[in-house]
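The shown structure was predicted, so the numbers you read here are calculated from the model rather than taken from an experiment. Atoms considered below: every heavy atom in the structure, side chains included; atoms not considered: hydrogens, waters and symmetry mates. Chain identifiers are assigned alphabetically (A, B, ...) following the order of the sequence lines, protein sequences preceding nucleic acid strands; residue numbering begins at 1 within each chain.
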Protein chains: 2
Amino acid sequence: MFSKACQYGIKAVIYIWVQSLSGARVGAKEIAVHVDAPEPFTAKILQDLVRKKIVGSQKGPNGGFYVDKSHEKFTLKDLVSAIDGDGLFSGCSLGLRECSEENPCPLHSEIKKVRNHVLEMLTKKTLRELALEVNNGETVLSRLIG
Amino acid sequence: MFSKACQYGIKAVIYIWVQSLSGARVGAKEIAVHVDAPEPFTAKILQDLVRKKIVGSQKGPNGGFYVDKSHEKFTLKDLVSAIDGDGLFSGCSLGLRECSEENPCPLHSEIKKVRNHVLEMLTKKTLRELALEVNNGETVLSRLIG
DNA sequence: CAATTTAAGGACTTTTTTATCCTTTATTGT
DNA sequence: ACAATAAAGGATAAAAAAGTCCTTAAATTG
Ligand code: FES
Ligand code: FES
């Protein structure tokens, strides 16, 4: 469903949110440890997310990645399409040239419903809200570190 | 959602079903043309599906791939997990060691519903039933060939 | 300003997925 | 038995995804 890059990206951004709730910036290394992901790969993904304004970054001592008010509106949908593109939400699931209502593929009518469901799930909560749940202990980002 | 191999596989098997409805065996080349997929790759996928008993095959003149009564029970779920494995239905969508109700990842509760939805969609119709819809002209396997 | 810290950037390697090609084996019809 | 046909199998190639490493640039602190 999601690429590895996307899985790491989701966990990393939620972790950044968790830390930013208490005003802390976090470095790539710390993030990688806490979301159980390879550090250099995670750094690459974050680099990209900074360019796409999903998170902010600051170089130098006490720098790191962070989020603030300006990032509050983003949902998983924004994050997923930033990393994996929107192939999950658009195009034919069987690879036909285009998804078409007039000439549907055998999966079309059912896939359409699933896609709406996926879209709904990815937009119903902001990344910040997901971080609050991690903060509460309702959900976790890794099985290694609480 | 589905790998290329799986997309080709789904279309190929439905095409085999369509042809088998009128008693015809079909060769890999014909299949590849009608589902708009690379021929040697499609042949490899079918080879695998024969080993896994999702379709039958016959060598020699007038041979090819076919399905019969013994294949009638198979659904997309069987086909998809034969090709892509069941990563789509099991395991944690964020890559945590295991999907767990007690220590859920941030997506767990929503993903679970989506997964049930996907599973339902993949099991509600048999491959044969999907082929009947193609036969009717309700759905298509390619944009190139009616 | 110098030293240190941390992200950014680019080149590179490895693994997986996608795709092709060629040889062998089984089957059929003559 | 023989030629023709079509799948099976194995080896290889190309492309994409995943992952690493090293150098550069920016910011901070003293
Ligand atoms: S035509 Fe295939 S998903 Fe719409
Ligand atoms: S724990 Fe991640 S999907 Fe269940």
Would E138(B) and S109(A) count as a side-chain contact (heavy atoms from CB on, under 4.5 Å) here? Give the steps. CA-CA 11 Å; E138(B) 292 173 43; S109(A) 86; over 6 Å; no
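Put simply, the side chain of V80(B) reaches to within 4.5 Å of the side chain of I10(B), judged on heavy atoms. In this structure the side chain of L21(A) reaches within 4.5 angstrom of the side chain of R128(A), judged on heavy atoms.
Atom CD1 of I16(B) and atom NZ of K11(B) lie 13.5 Å apart (nearest 0.5 Å). Summarising the geometry, atom CD1 belonging to I111(A) is positioned 4.5 Å from atom CZ belonging to F2(B); distances are rounded to the nearest 0.5 Å.
Backbone-only engagement by R51(B) is indicated by non-hydrogen atom pairs under 4.0 Å involving sugar-phosphate atoms exclusively. At a threshold of 4.0 angstrom between heavy atoms, the contacts of V55(A) with the nucleic acid are absent. A43(B) comes within 4.0 angstrom of nothing in the nucleic acid, heavy atoms only.
Atom P of nucleotide dA7(D) and atom CD1 of I54(B) are separated by 18 Å, given to the nearest angstrom. Between I31(A) atom CD1 and dA8(C) atom P there is a gap of 10 Å when expressed in whole angstrom units. In this structure, N62(A) places its CG atom 7 Å from P of dT29(D), rounding to the nearest Å. Taking atom CD1 of I45(A) as the reference point, atom P of dG9(C) lies 15 Å away to the nearest angstrom. A straight line from CG of L49(B) to P of dG9(D) spans 13 Å, rounded to a whole angstrom. Rounding to whole angstrom units, CZ of residue F65(A) and C1' of dT6(C) are separated by 9 Å. Across the protein-nucleic acid pair, Q47(A) atom CD and dA18(D) atom P stand 17 Å apart, rounded to whole Å. As a whole-Å value, the separation of Y66(B) OH from dA7(D) C1' is 12 Å.
Looking at T75(B), its side chain does come within 3.5 Å of a backbone N or O of K77(B) through a donor-acceptor pair.
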Annotated protein contacts, base or backbone, on nucleotides 15-27 of chain C with a non-hydrogen cut-off under 4.0 Å, one of B, S, - each: ---SBB----BBB
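Phosphate proximity of dA8(D) to S57(B): present, with a side-chain N or O under 4.0 Å from OP1 or OP2.
Classification of the H34(A)-Y15(A) ring pair by plane angle, with boundaries at 30° and 60°, yields parallel.
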